[in-house]
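For the numbers below, each heavy atom of this structure counts, side chains included, while hydrogens, waters and symmetry mates do not.
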Amino acid sequence: MKDWRPLFSVCILSSMLMAAFAVTPGIAAFITTYQVSESVATLSVTLPYLVSIPFALLAGALSTRIAKKSLCLFSCAIICLTGIAPYFFSSFIGIIIVRACMGIGLGILFTIVPSLAPDYYPKGNMRNLTIGMQSAFAGSGGFVFNILSGYLVVTNTKNIFLVYGLCIIFFIFIALLLPYKPALSATQRKVCTKKKLTCNYFVMFISLLTFLFLSAGVTLSLNISVYLSSNGIGGPIEAGYATSAYSIAAFAFGCGYILVSRVLKKHATLFACFISAIGMLLCISTNNIFVIYISASIIGAGLSIFMPSCISHIIETLPAEKTSAGIGIMMVGSSIGQTFSTYLINPAATLLSNAISARFAVSAIIFGFVALLSLLLYNGKFLKRAVTLHTSDL
């Protein structure tokens with residue numbers, strides 16, 4: 001029987017990748033309590049992902065010198081400390097600075113966690129299951145976080161930071177379960193590179209797609225609290241349920257990624273973009289809170305199809321020793337997208353309308369654009385022309 005410990009560890013670690021979004025149900029409360037603007041309040045979520053960028057790149061090099069388990073434990077500790085610490089601050093500037101440091105732990109995990117699957121499992125069902133579960137728990141990491149934080153912020157705004165106490169439990173599990181050394185030898189982990197695709201071009205293109213998709217994808221999390229309150233649809237608790245619906249769907253489709261990938265094959269990213277765009281438009285088509293929950297679920301499903309598809313392409317294209325670096329570059333695109341989403345989506349939305357709903361409409365348009373780029377990426381002739389360097393150039 002396959003060793004389940006790496007799979008279980010990947011699930012736990014993946015649930016922490018969206019840790020910065022645990023405070024999204026409290027954005028409206030931050031604006032009122034700390035007397036800050038919406039853009040400043042949103043920094044509590046986006047700034048950690050900006051700081052994570054250099055550490056996501058650095059993690060690939062660190063993993064060749066330091067055991068990945070040690071890097072994971074260090075990251076868990078950083079996220080836990082920087083998550084809880086703002087509870088003791090009265091200044092929002094101090095809160096922003098401390099939360100920015102969370103990006104150190106997030107950046108390392110962004111690169112290390114997706115690379116664990118090929119380290120412990122050979123190509124096949126177990127590896128695909130792990131990749132799917134990684135995405136499932138990454139997308140659903142906000143499930144418990146967001147429901148709990150939604151209730152905590154109602155009692156007292158600063159109480160929302162206590163939700164990060166859950167990370168202490170995660171740290172203990174990783175310390176006990178994740179093996180220090182990969183189960184597979186370098187020979188076993190080597191992937192097919194007969195086509196000799198250009199890792200430089202291929203990975204950068206994947207990173208671009210991830211940047212655009214995540215820029216649009218986090219629109220729901222960043223705006224749902226203000227959107228619901230400004231339209232009189234609901235408050236922090238309803239916002240928590242909406243983001244949790246997003247997480248539940250992400251979890252379900254991540255768990256079923258093996259089946260989804262078999263059916264959709266190379267068109268998985270295209271399908272993810274299509275349903276995500278539908279979800280965004282559906283969200284602003286009604287004031288019915290239950291329809292909004294359904295919309296959030298559709299968007300979460302799209303994320304949990306898109307991300308593992310991109311990761312699978314990188315793992316299958318790059319040799320084992322380049323996998324962590326390739327994933328690191330891809331996750332930089334993810335981090336930049338999550339960080340600068342507000343500065344990309346909001347100005348574009350104002351060209352259509354000053355209403356918050358315009359941000360959702362712009363996100364739907366971006367999903368459509370990513371779909372077109374995906375068609376180019378997986379067109380054989382395009383790859384043959386664009387990818388001309390050898391994998392050793394990465």
Side-chain angles (χ1 to χ4, degrees), residues 13-14 16-21 43 45-64 66 68 71-72 74-75 78-79 99-118 131 134-135 138-139 141 197-219 221-222 269 272 303 306-315 317-318 321-345 366 369-370 373-374 377 386-387 389 391 393-394:
L13 290 167
S14 297
M16 299 180 68
L17 295 180
M18 302 294 280
F21 281 88
L43 281 176
V45 177
T46 59
L47 194 56
Y49 292 106
L50 175 62
V51 176
S52 75
I53 294 172
F55 292 96
L57 292 173
L58 181 63
L62 290 176
S63 65
T64 63
I66 304 173
K68 289 186 178 181
L71 292 174
C72 289
F74 172 76
S75 299
I78 289 292
I79 293 172
R99 285 188 60 80
C101 295
M102 183 183 288
I104 298 173
L106 290 174
I108 294 174
L109 288 186
F110 280 151
T111 295
I112 299 301
V113 177
S115 71
L116 293 176
I131 292 173
Q134 189 272 316
S135 178
L197 300 177
T198 302
C199 296
N200 284 343
Y201 289 149
F202 184 78
V203 173
M204 290 303 295
F205 203 97
I206 289 285
S207 183
L208 173 62
L209 293 184
T210 306
F211 159 71
L212 292 172
F213 190 93
L214 266 295
S215 294
V218 299
T219 296
S221 297
L222 293 178
T269 53
L303 174 70
F306 183 86
M307 292 300 287
S309 296
C310 292
I311 291 172
S312 293
H313 285 304
I314 289 178
I315 291 175
T317 301
L318 309 189
E321 65 274 13
K322 306 294 184 182
T323 299
S324 293
I327 291 175
I329 294 172
M330 171 192 159
M331 297 312 294
V332 165
S334 172
S335 296
I336 295 176
Q338 293 176 84
T339 301
F340 293 101
S341 173
T342 300
Y343 306 102
L344 173 65
I345 302 296
I366 291 177
F369 182 64
V370 175
L373 291 179
S374 296
L377 177 63
V387 181
L389 300 179
T391 54
D393 293 331
L394 182 67

Requested in this report: Go through the steps to decide whether T210 and F306 satisfy the test side-chain contact (heavy atoms from CB on, under 4.5 Å), and finish with yes or no.
Outcome: CA-CA 8 Å; T210 306; F306 183 86; 4.2 Å; yes
Query raised in the report: Would you say the side chain of I329 lies within less than 4.5 Å of the side chain of L57, judging by non-hydrogen atoms?
Result: yes
Requested in this report: Search all heavy atoms of I206 against all heavy atoms of M330 and return the closest pair with its distance.
Outcome: CG2-CG, 3.9 Å
Report task. For residues F205 and L373, report the shortest heavy-atom separation together with the two atoms involved. Result -> CE2-O, 3.7 Å
Query - Heavy-atom check, side chain of T111 versus side chain of L62, under 4.5 Å - result: no
**Report entry** I112 vs L13 side-chain heavy atoms within contact, under 4.5 Å
**Finding:** no
Query raised in the report: Which of these, C310, S207, P118, S115, sits in a side-chain contact (heavy atoms from CB on, under 4.5 Å) with I327?
Result: S115
Requested in this report: Please tell me if the side chains of C101 and V51 come closer than 4.5 Å, counting only heavy atoms from C-beta onward.
Outcome: no
Report task. Could you pull out the closest heavy-atom pair between A117 and I131, with the gap in Å? Result -> CB-CG1, 4.0 Å
Report task. Check for a donor-acceptor pair, side chain of R99 on one end and backbone N or O of A20 on the other, with a separation under 3.5 Å. Result -> yes
Report summary line: The ring pair (Phe, Tyr, Trp, His ring centres under 6.0 Å) partners of F21 (sequence neighbours excluded) come to Y49
Query raised in the report: Can you name the closest pair of heavy atoms from I79 and A19 and give their distance?
Result: CG2-CB, 3.9 Å
Requested in this report: Of all the heavy-atom pairs spanning G337 and S215, show the shortest one and how long it is.
Outcome: CA-OG, 3.2 Å
Query raised in the report: In Å and rounded to the nearest 0.5 Å, what is the CZ to CD1 distance from F55 to I104?
Result: 4.0 Å
Query raised in the report: How about I366 and I345: do any of their side-chain heavy atoms sit closer than 4.5 Å?
Result: yes
Requested in this report: Could you tell me the separation between the CZ atom of F74 and the CD1 atom of I66, rounded to the nearest 0.5 Å?
Outcome: 9.0 Å
Query raised in the report: Heavy-atom distance under 4.5 Å between the side chains of L109 and C72, does that happen here?
Result: yes
Query raised in the report: Is the closest side-chain heavy-atom distance between I311 and Q134 below 4.5 Å?
Result: yes
Report summary line: To the nearest 0.5 Å, atom CG of L212 lies from atom OG of S334 at 12.0 Å
Query raised in the report: So, do F110 and V332 sit near enough that their side-chain heavy atoms are less than 4.5 Å apart?
Result: no
**Report entry** V113 versus S14, closest heavy-atom pair with distance
**Finding:** CG1-OG, 3.3 Å
Query raised in the report: To the nearest 0.5 Å, how far apart are CE in M331 and CG in L106?
Result: 10.0 Å
